[in-house]
There are 2 protein chains.
Amino acid sequence: MTSPEVGISVVERETGLSKDTLRVWERRYGFPDPHRDRHGERVYSAEQVGKLRLISRLLDRGLRPRQLVAASIEELRARVAAPAQPSPAADNSPPFETTLKLLAAYDDAGLRSHLSLTLQRLGLLRFILEFAAPMNVQVGDAWSRGTLAVSQEHLYSEQMQHQLRQGIGTIYPGRRTPSVLLTTLPGEAHQLGVLMAHACLALEGVRCISLGVQTPIRDIAQAAHQHGADVVALSFSEALRLKAALAMLQELRAQLPQSIEIWAGGALWDHAQDVPPGIRLVSRLEHIPHELAEFGQRHGAPPAAAV
Amino acid sequence: MTSPEVGISVVERETGLSKDTLRVWERRYGFPDPHRDRHGERVYSAEQVGKLRLISRLLDRGLRPRQLVAASIEELRARVAAPAQPSPAADNSPPFETTLKLLAAYDDAGLRSHLSLTLQRLGLLRFILEFAAPMNVQVGDAWSRGTLAVSQEHLYSEQMQHQLRQGIGTIYPGRRTPSVLLTTLPGEAHQLGVLMAHACLALEGVRCISLGVQTPIRDIAQAAHQHGADVVALSFSEALRLKAALAMLQELRAQLPQSIEIWAGGALWDHAQDVPPGIRLVSRLEHIPHELAEFGQRHGAPPAAAV
DNA sequence: GTTCAATATTGTCTAGGACAACAATCCCTT
DNA sequence: AAGGGATTGTTGTCCTAGACAATATTGAAC
């Protein structure tokens, strides 16, 4: 704990709620109810910031603030944890458990070795589908429950990224269609989704180009054009607000010719019911081969020749 | 051009100047001077946004707004381009030229192959010192001059990252002291600096742990403690404001015990004259071995046994 | 020249009012 | 009873204009 009480701009940064919103909530609902320093400026307690963070998360799921501000912290925490899909039965099979144990012990060398061995043992595809993807969810859950520190989540992410890139690096680049441009929208900093998708696509022999994360809309459109991409594939974690994501998707759709498809995937869409027209939801990495086959049919290409 | 006139929140996002700042400049200096829509809300022309973007950049270099708002766009553009260090004689040796040519042609496959070959030809250390580091500068310059699109810079960064990680992956982890924790501060998203430092350290046989980018201060401190790190090494590009960087460094210094050193490196420090006490500036990657030797002397360790 | 105090500049905070966009209700018609 | 359209409630963002702390800059005294 550095300082238990923070100013409004810190709260804005930490919760994503604008200063205006924080002030107007205080005026309307009486929450948050910050102290004032000697100069009359708002000073928020760590507890209130925590509650605001929870509320902010629930807002993204379409709930409205009036009820949320009145609820207790426990209630909010329960709502945040629960109504996602009930977490795929907290897998306790050895690789998962070991990973969490290594993270808990801050054992980076052990983690590196464990991930590398698991990759070699399973092969890249099974490593991703059966291990990396569900593991990411577990790590994300543990982080949001507070079981895992930020630094541990970073460590995990870094090491996993390393393995995935090693894996991708060993694939000889294919030339199958469609040509896919991979990236994330501004504000979405998680790389693992892009890397997993990259690997799955490359394993299908598809030509793909990754721009890393956080590419501005206009630049995605430009790059798609320049590279002659057939598909722009975007990865979304729960870090991005659903509203913002939808708005940006619509903007991108408008800037791209109809001949270029947009595929969207990632955890964000677990909570979403529908997407704007002209966007294809690829909710699971497993569906990628099927999606590629369908693309082939739509575009009259030869039906997915074996790699 | 999507829409030639935009609202205040868009300007905030695009320029990094807060709404408050935009309004108070208008009040004080008469610039910017947005039109108003029928509801009295500010509407900024593309030209004004452009000028604001230039001003925002110059502010980071310590200039003050009063003069800047009065200057013409051309004048600002000249100032942005010029007074950095005069760019190390735009190296035109083959690998550099080829890289820029491949980027200009959006040739990702060619770039991948070119980088990989250069890495194999030079070896990891020379690849970094003689090629990657100066190339990063050139790409950054080209981007800020507008010669290179954002998507091209992303592509470069992604491919270079790939090569560096491949290189790091082949190094058998050493156990030499000091134990180094690598990352960047919040707001610093550039990974290449961390990766290059990681590689240089690993090549010296030093045990190092990377947390990726943008680790919150508190979590850096916690991780350093948990990992038993002797040094926290931080990379800074010019993306971060100098002021913000210094403040965060001071905060981190306060949270770490004196026994843990902080090393700072990266392009940001080319403009800076001095750093807070208790921070060691490692201005060039080439100095890393020397820095390690000095660390050994300071801590009475055996004088840098050969790897 | 340095050092310290006075002054100017600059960003961020404050308050309360206004309104557009969206969601939820209600009522009327079919 | 169900669908559709108007009314009402909710919510986020914008507005003005004033205040002040933190940081530069200037000026005066040594």
Side-chain angles (χ1 to χ4, degrees), chain A residues 5-44 52 55-71 241-244 246-247 250 273-274 276, chain B residues 5-44 52 55-71 241-248 250-251 272-274 276:
Chain A
E5 310 234 305
V6 294
I8 194 170
S9 53
V10 175
V11 181
E12 173 178 47
R13 178 157 33 83
E14 301 231 330
T15 64
L17 301 165
S18 78
K19 294 177 192 146
D20 272 327
T21 301
L22 289 168
R23 286 196 272 255
V24 88
W25 281 9
E26 185 180 338
R27 205 196 310 168
R28 286 188 186 142
Y29 314 129
F31 179 89
D33 182 22
H35 304 134
R36 301 301 181 114
D37 65 8
R38 100 207 76 93
H39 179 49
E41 302 197 347
R42 293 171 173 79
V43 178
Y44 297 81
L52 286 168
I55 292 177
S56 173
R57 286 203 134 198
L58 290 168
L59 281 184
D60 294 340
R61 298 198 192 158
L63 299 177
R64 318 202 53 199
R66 164 127 302 163
Q67 352 282 335
L68 294 176
V69 293
R241 321 234 141 172
L242 186 55
K243 281 241 189 82
L246 290 173
Q250 212 149 11
Q273 31 272 42
D274 47 16
Chain B
E5 308 234 310
V6 295
I8 195 170
S9 54
V10 175
V11 180
E12 173 179 47
R13 177 156 33 82
E14 301 231 330
T15 65
L17 302 166
S18 78
K19 296 178 186 123
D20 274 327
T21 300
L22 290 168
R23 287 194 273 253
V24 89
W25 281 9
E26 185 180 337
R27 207 197 306 171
R28 287 189 184 142
Y29 314 128
F31 178 89
D33 182 21
H35 304 134
R36 301 299 181 117
D37 65 8
R38 102 208 71 93
H39 179 50
E41 303 198 347
R42 292 171 175 80
V43 178
Y44 296 82
L52 286 168
I55 292 177
S56 173
R57 288 201 133 198
L58 290 168
L59 282 183
D60 295 341
R61 299 200 190 157
L63 299 177
R64 319 207 44 203
R66 166 131 294 167
Q67 349 282 337
L68 295 176
V69 294
R241 320 229 148 170
L242 185 55
K243 282 238 192 86
L246 291 174
M248 286 191 284
Q250 211 149 13
E251 171 76 17
Q273 33 272 44
D274 47 15

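Below, all heavy atoms of this structure are taken into account, side chains as well, without hydrogens, waters or symmetry copies. Keep in mind that what you see is a predicted model, and the values were worked out from it rather than measured. So that the names make sense, note that chain A is the first sequence line, chain B the second, and so on, each numbered from 1.
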S.K.: Measure the distance from CZ on B/R36 to C1' on C/dA20 and round it to the nearest whole Å.
M.R.: 17 Å
S.K.: Could you report the tightest heavy-atom contact between B/L68 and B/L59, atom names first, then the distance?
M.R.: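 For B/L68 versus B/L59, the nearest heavy atoms are CD1-CD2, 4.0 Å.
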S.K.: Roughly how many Å is it from NE2 in B/H39 to P in D/dC15, rounded to a whole number?
M.R.: 9 Å
S.K.: Tell me whether the OP1 or OP2 atom of D/dT13 has a side-chain N or O from B/K19 closer than 4.0 Å.
M.R.: no
S.K.: Going by number, which of residues 7-18 of chain A have a non-hydrogen atom under 4.0 Å from DNA chain C?
M.R.: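 Heavy-atom contacts with DNA chain C come from A/I8, A/S9.
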S.K.: What nucleotide, of D/dT13, D/dT16, C/dT10, holds the atom closest to the side chain of A/D20?
M.R.: D/dT13
S.K.: Under the rule for side-chain contact (heavy atoms from CB on, under 4.5 Å), what residues qualify as partners of B/D33, not counting sequence neighbours?
M.R.: B/Q48
S.K.: Output all residues satisfying side-chain contact (heavy atoms from CB on, under 4.5 Å) with B/R42, sequence neighbours left out; order by chain, then residue number.
M.R.: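 By the side-chain contact (heavy atoms from CB on, under 4.5 Å) rule, B/R42 matches B/I8, B/R23, B/E26, B/P34, B/R36, B/Y44.
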S.K.: How far apart are the C-alpha atoms of B/L17 and B/V11, what are their side-chain angles, what is the distance that settles it, and do they pass the side chain to side chain contact (heavy atoms under 4.5 Å, CB included) test?
M.R.: CA-CA 8 Å; B/L17 302 166; B/V11 180; over 6 Å; no
S.K.: Can you check the B/L68 CG to C/dT10 C1' distance for me, whole Å?
M.R.: 13 Å
S.K.: Take atom CG of A/L59 and atom C1' of D/dT11, then tell me their distance rounded to the nearest Å.
M.R.: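 Rounding to the nearest Å, CG of A/L59 and C1' of D/dT11 are 10 Å apart.
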S.K.: What residues in residues 21-31 of chain B put a non-hydrogen atom under 4.0 Å from any atom of DNA chain C?
M.R.: B/T21, B/V24, B/W25, B/R28, B/Y29
S.K.: Considering non-hydrogen atoms only, spot the tightest contact between B/S56 and B/T15 and give its length.
M.R.: OG-O, 2.9 Å
S.K.: In chain order, what residues pass the side-chain hydrogen bond (donor to acceptor under 3.5 Å, both in side chains) check against B/E14, with sequence neighbours excluded?
M.R.: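 Testing B/E14 for side-chain hydrogen bond (donor to acceptor under 3.5 Å, both in side chains), a comparison that skips the adjacent residues, returns B/R53.
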S.K.: Distances for protein N/O vs nucleotides 22-24 of chain C N/O pairs under 3.5 angstrom?
M.R.:
residue : atom : partner : partner atom : Å
C/dA23  : O3'  : A/R64   : NH1          : 3.4

S.K.: Rounded to whole angstrom units, what separation is found between the CD atom of A/E41 and the C1' atom of D/dA22?
M.R.: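 In whole Å, D/dA22 C1' lies 12 Å from A/E41 CD.
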S.K.: Grab the CD1-P distance between A/I55 and D/dT11 for me, whole Å please.
M.R.: 12 Å
S.K.: Rounded to whole angstrom units, what separation is found between the CG atom of A/D37 and the C1' atom of C/dT14?
M.R.: 11 Å
S.K.: Once rounded to the nearest 0.5 Å, what's the spacing between atom CZ of A/R66 and atom CZ of A/F31?
M.R.: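 Reported value, rounded in 0.5 Å steps: 14.5 Å.
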S.K.: Does B/E12 have any side-chain contact (heavy atoms from CB on, under 4.5 Å) partners at least two apart in sequence or in another chain, and if so, which?
M.R.: B/S18, B/K19
